[in-house]
Amino acid sequence: MLEYDIVIVGGGGAGLYAALWAAENTILKVAVMTKVYPTRSHTGAAEGGINAVLTHSVGDSPEAHAYDTVKGSDFLADQDAVDIMCKMGAAVIYDIAHRGVPFSRRPDGRIAQRPFGGASFPRTCYAADKTGFYILQTLYEQCLKNNVTFLNEWFLLSIIHNGEKVEGLTAWDIRNGGVHLIKTKAVILATGGHARVYWNRTSNALGNTGDGTAAVLRAGLPLKDMEFIQFHPTGLAKTGILVTEGARGEGGYLRNRDGERFMKRYAPEKMELAPRDIVARAIQTEIDEGRGCGPNGDYICLDLTHLGEEKINERLPQTREHAILYEGVDPVKEPIPIAPTAHYSMGGIDTDKLGRTPIKGLFAAGECACVSVHGANRLGGNSLLDVLVYGRLTALEAVKYADEAPETNPSMAKQKDDERRILELMEADGKESMPQLRRELGNVMMRHFGVFREEASMKEGLEKLREIKERAKHVKVYDTGKRFNTDLVSVLEFLNLVELAPTIAVPAIERRESRGSHARKDYPKRDDKNFLKHSVVRLKDDGELELSWKPVVITKFPPEERKY
């Protein structure tokens, strides 16, 4: 049995910043457990930037940032949490800049900021179009400097709690094999999102399979607002790989097959810089109504040619590299083919405004958590801010809790259960192909729970998800070895997605309105009377999902019509 005072699960931005703040503020034993080497975490794929109101943000204010965030969320964000996040923005930026993040700068040396969708001021700090990459590298170096313990290549299996407080967790040691019991007083889950449930078209890394979120579900704890999946407007047409919103922030145009800048029909004031849900729906509408580009009319063009080679190379070098590599087009000379791609999970583990779950000592931060600061739609640039603010806040809360918490005594029963579960996977009949089922899962999610939704189609999709879940019982792990068993890890990840898919479908069917990323053709209007509330799902003892609702926290900004 391994023993630590605080275990942080996940080595991305939220996990590393949490580890850093915990290590600097306590003498307790802090460990980061991550299934991939930390610098391979998905935070490294965040391109466009991080929002904050800095001292030189002329005319801007934390309150304006909070209003933009709440309006962008279609008024489903909890405003007390939004207020905390926006007020902490500048402190977080200056902290990571002083630690070594090489932000792009203005001629006078101050941190540069550019416009992003849904914002009333240019408040997005950036490091070219590799912001997340630089943040991730810097935080990892700082964790090493502060002697944080790393359990690299360990896969989370289960969370152990007694109904009141957390006692530990179980994990598979990928490098050496075997299920291990880890005793701890506090756990911070920072395991990222679950948009890989849309396997066939997503901007997410292969590892974004909702491991922490699924473990929370199996532990009988609540998930919140799972129906809200953000489709980023600009994924590369062939692969779904992200083209940063910074491309439009720098002045890029969206054009249909006629060369028209069609956003004037959907958001005449903001145009290409409208919030992501509005732009994604506009692009999908253009495609659906026959104005798409290409021989099959299945994509839209993102035109950067007027920006010039110097600006593209300075501000958007990775965008150019990806367009050339994956689409065979040079954005200096020709438009980039793009289409909406499953991108971000607004829903996740139900927490309060400080990242605390209903179980004492169990916290969640970053994309796996639903605080909720993003509501029904996240603004570009707020993800990295959320990651860092709540990495920091949960670290301080975990330190405070672990300092005073008594020793835990986790039962070994969960370890034995997980060992039995893995053995059963290796002894399964194997009549179902995991890769085939994974593709089917992605097709069902995109077809029935995509950019646009309607009840009959979603109910059909839910039945298909239940069929896939039943068939998944016959998936076999063929590699029975212990060391670096990637076959086992792939199957465990797939089974997490299979468990999470219905948690998206069930509340999506019951939310009979259109709000943010949840756009229904049969209920095209927002319904504040009946649905200005969060959905909450739990797994019952019989394996079925229980759906309930909880109120949204409204402080300064009453709901209003959302116009751009």
Side-chain angles (χ1 to χ4, degrees), residues 12-13 36-50 101-105 112-117 124-138 140 192 195-196 200-208 231-255 272-273 276 279-280 283 293-294 298-344 380-381 383-384:
V36 298
Y37 197 70
T39 50
R40 289 181 55 215
S41 296
H42 189 56
T43 299
E47 300 173 359
I50 174 171
V101 174
F103 283 111
S104 296
R105 300 279 173 164
Q113 293 175 286
R114 61 184 169 201
F116 246 53
T124 305
C125 312
Y126 60 95
D129 59 353
K130 300 179 182 180
T131 313
F133 171 82
Y134 290 124
I135 289 174
L136 193 65
Q137 302 291 325
T138 302
Y140 182 56
R196 267 288 153 185
N200 310 323
R201 182 161 188 82
T202 175
S203 65
N204 277 207
L206 294 175
N208 274 26
F231 291 85
H232 196 288
T234 57
L236 292 177
K238 293 178 182 176
T239 62
I241 291 172
L242 181 67
V243 176
T244 174
E245 191 167 338
R248 287 173 284 133
E250 295 294 346
Y253 299 151
L254 292 170
R255 299 187 187 275
E272 285 86 358
L273 292 179
R276 288 175 176 175
V279 181
I283 290 172
C293 305
D298 56 356
Y299 63 82
I300 288 296
C301 287
L302 174 60
D303 185 1
L304 308 181
T305 56
H306 56 286
L307 300 182
E309 185 170 9
E310 182 179 352
K311 187 172 186 178
I312 290 173
N313 286 341
E314 178 192 348
R315 305 284 182 88
L316 304 166
Q318 188 170 235
T319 297
R320 185 181 186 187
E321 179 184 340
H322 285 173
I324 293 171
L325 183 61
Y326 297 109
E327 289 289 340
V329 302
D330 185 345
V332 171
K333 302 173 182 176
E334 53 193 323
I336 306 171
I338 56 90
T341 183
H343 180 61
Y344 189 86
S383 177
L384 286 175

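Position 1 is the first residue of the sequence, and the numbers go up from there.
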From Arg201 CZ over to Thr239 OG1, what is the distance, rounded to the nearest 0.5 angstrom?
7.0 Å
Please enumerate all residues that pass side-chain hydrogen bond (donor to acceptor under 3.5 Å, both in side chains) together with Gln318, with sequence neighbours excluded.
none
Which heavy atom of Thr124 sits nearest to which heavy atom of Gly48, and what is that distance?
CG2-O, 4.0 Å
For Ala112 and Tyr126 the tightest heavy-atom approach is CB-OH, 3.6 Å
Could you pull out all residues at least two apart from Leu206 that satisfy side chain to side chain contact (heavy atoms under 4.5 Å, CB included)?
Arg196, Trp199
Kindly give the heavy-atom pair with the smallest separation between Pro340 and Ala280, and that separation in Å.
CG-O, 3.7 Å
Under the salt bridge (charged side-chain N to carboxylate O under 4.0 Å, His left out) rule, what pairs show up with a residue in residues 327-341, not counting sequence neighbours?
Arg320-Asp330
Residue pairs, two or more places apart or on separate chains, that pass side-chain hydrogen bond (donor to acceptor under 3.5 Å, both in side chains) and touch residues 40-49:
none
What one should report as the nearest heavy-atom pair of Ala127 and Tyr134 is CB-CD1, 3.4 Å
Rounded to the nearest 0.5 Å, what separates atom CG in Leu254 from atom CD1 in Ile283?
5.0 Å
Phe103 and Arg105 have their tightest heavy-atom pair at O-CG, 3.4 Å
For Ser203, which residues count as a side chain to side chain contact (heavy atoms under 4.5 Å, CB included) partner, sequence neighbours excluded?
Leu242, Thr341, His343
Value for OG1 (Thr244) from CZ (Phe116), rounded to nearest 0.5 Å, stands at 4.5 Å
Ala46 meets the side chain to side chain contact (heavy atoms under 4.5 Å, CB included) criterion, sequence neighbours left out, with Leu384
Across all chains, not counting sequence neighbours, the side-chain hydrogen bond (donor to acceptor under 3.5 Å, both in side chains) partners of His232 are Thr234
side-chain hydrogen bond (donor to acceptor under 3.5 Å, both in side chains) with Thr131: which residues, sequence neighbours excluded?
none
Separation of Glu272 CD from Leu302 CG (nearest 0.5 Å):
8.5 Å
Taking atom CG of Asn313 and atom CG of Leu307, what is their separation to the nearest 0.5 Å?
11.5 Å
State, to 0.1 Å, how close Asp303 and Thr305 come at their nearest heavy-atom pair, and which atoms those are.
OD1-OG1, 2.6 Å
Can you name the side-chain hydrogen bond (donor to acceptor under 3.5 Å, both in side chains) partners of Thr319, sequence neighbours left out?
Asp129
How long is the straight-line distance from OH of Tyr326 back to CG of Leu236, given to the nearest 0.5 Å?
9.0 Å
Apply ring-ring contact (aromatic ring centres under 6.0 Å, His included) to Tyr344 and list each qualifying residue two or more places apart in sequence or on a separate chain.
His374
Using side chain to side chain contact (heavy atoms under 4.5 Å, CB included) as the criterion, list what pairs up with Leu273, not counting sequence neighbours.
Pro115, Arg248
Only counting residues at least two apart or in another chain, list the ones meeting ring-ring contact (aromatic ring centres under 6.0 Å, His included) with Phe133.
none
